[in-house]
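Reviewing the structure listed below.
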Amino acid sequence: MEVIVMQDEAERVGLVADRIAGLLAAKPHAVLGLATGSSPLPVYRELIRRYEAGALSFRGASAFTLDEYVGLAEDHPERYRHVIEREFTSHVDLDPAAVAGPDGTAADLPAACAAYEEQIRAAGGVDLQILGIGSDGHIAFNEPGSSFASRTRIKTLTAQTRADNARFFGGDADAVPHHCLTQGLGTVMEARHIVLLATGTEKAEAVHQMIEGPVSALWPATILQHHPHVTVLLDRAAASRLLLADYYREVFAGKPDWQGI
Ligand code: F6R
């Protein structure tokens with residue numbers, strides 16, 4: 001796991017955008033994994049900026065989102081299908097038909113989950129997955145106790161996650177759905193490169209556990225210790241509980257430029 005602690009947001013975002021640009025240049029039909037929530041927004045803004053400047057095209061690419069609320073009306077603005085479109089995909093030349101997410105409105109939710117797994121598989125799997133992390137250590141919506149082998153399925157959100165996400169629902173945690181569909185930890189782990197972004201002290205404990213804690217279902221993100229290519233980008237606050245922070249800084253400072261992330 002590569003841990004990069006960088007206070008400057010533009011620098012952190014630049015590294016991720018460069019990596020995505022490199023991927024698209026090498027593989028125009030790349031499959032991107034997109035997270036919703038606040039953490040990836042600066043990356044999406046930078047990708048939009050580069051697209052508008054003519055430096056980047058997503059024309060051949062496709063994208064899969066991680067998760068979706070269950071129980072929100074089709075036109076609810078916080079459905080992740082709408083969020084990702086509003087924040088990112090509608091602003092670039094990604095074909096709208098090539099952007100998929102689990103269908104939280106399906107009458108048969110298990111069938112919708114199985115179909116989503118099949119869709120990701122048929123696309124050849126995710127080349128680069130962007131992730132955030134919950135303050136309780138979830139990735140996608142795999143809450144504590146999730147199986148490390150899990151696939152896309154229905155989950156119940158923790159009270160902590162519903163409180164954390166209340167800011168998207170007018171500050172009302174009761175308005176946040178209790179259920180969601182989410183890619184499983186087993187699904188996420190199949191992405192070829194995982195880039196996780198976290199900022200702020202409220203993420204510091206989860207980040208410490210993910211990188212330095214014992215691998216445990218209590219902190220689902222710890223499964224990433226078993227992935228061969230994970231890049232974690234942190235600001236100082238999110239890195240504030242790391243025991244080996246100085247070492248991670250030293251490693252990154254000594255890294256040759258050609259290596260990228
Ligand atoms: C969103 C997702 C979640 C978020 C996490 C952090 O699609 O899967 O795991 O990444 O809850 O959210 P933010 O970035 O809003 O702090």
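Counting convention: from 1, in listed order, for ligands and their atoms alike. Everything quoted here is computed from the prediction, not taken from an experiment.
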Hey, is [X] close enough to [Y] for a salt bridge, meaning N to O under 4.0 Å?
X: Glu52; Y: Arg49; answer: no
X: Glu74; Y: Arg81; answer: no
X: Glu190; Y: Arg151; answer: yes

Validation row, ring centre Phe168 to ring centre Tyr69 under 6.0 Å: no
Looking at [X], which atoms of ligand 1 are within less than 4.0 Å of one of its heavy atoms?
X: Gly132; result: 10 (O)
X: Ser38; result: 13 (P), 14 (O), 15 (O)
X: Leu66; result: 8 (O)
X: Gly37; result: 14 (O), 15 (O)

May I ask you to identify the nearest protein heavy atom to [atom], giving residue, atom name and distance to one decimal place in Å?
atom: atom 6 (C) of ligand 1; value: Ile133 O, 3.4 Å
atom: atom 14 (O) of ligand 1; value: Ser39 OG, 2.5 Å
atom: atom 5 (C) of ligand 1; value: His138 NE2, 3.4 Å
atom: atom 3 (C) of ligand 1; value: Ala140 O, 3.6 Å
atom: atom 8 (O) of ligand 1; value: Asp67 OD2, 2.5 Å

Side chain, backbone, both or neither: Thr36 near ligand 1, heavy atoms under 4.0 Å: both
Which segment of Thr182 sits under 4.0 Å of ligand 1 when only heavy atoms are counted: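 Looking at Thr182 and ligand 1, no heavy atom falls under 4.0 Å.
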CZ (Arg86) with more than 12 external heavy atoms under 6.0 Å: yes
Closest to atom 15 (O) of ligand 1 (judged by heavy-atom distance), picking from Glu143, Arg167, Lys203: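 Nearest heavy atom to atom 15 (O) of ligand 1 lies in Arg167.
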Option among Glu205, Glu202, Glu212 that satisfies the salt bridge (charged side-chain N to carboxylate O under 4.0 Å, His left out) test with Arg241: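 Result for salt bridge (charged side-chain N to carboxylate O under 4.0 Å, His left out) with Arg241: Glu205.
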Candidate pair Arg192 and His229, rule side chain to side chain donor-acceptor pair (under 3.5 Å), full reasoning: CA-CA 7 Å; Arg192 287 180 268 279; His229 192 184; over 6 Å; no
Criterion side chain to side chain donor-acceptor pair (under 3.5 Å) on Arg167 and Ser38, from CA distance to verdict: CA-CA 11 Å; Arg167 69 191 192 282; Ser38 308; 2.7 Å; yes
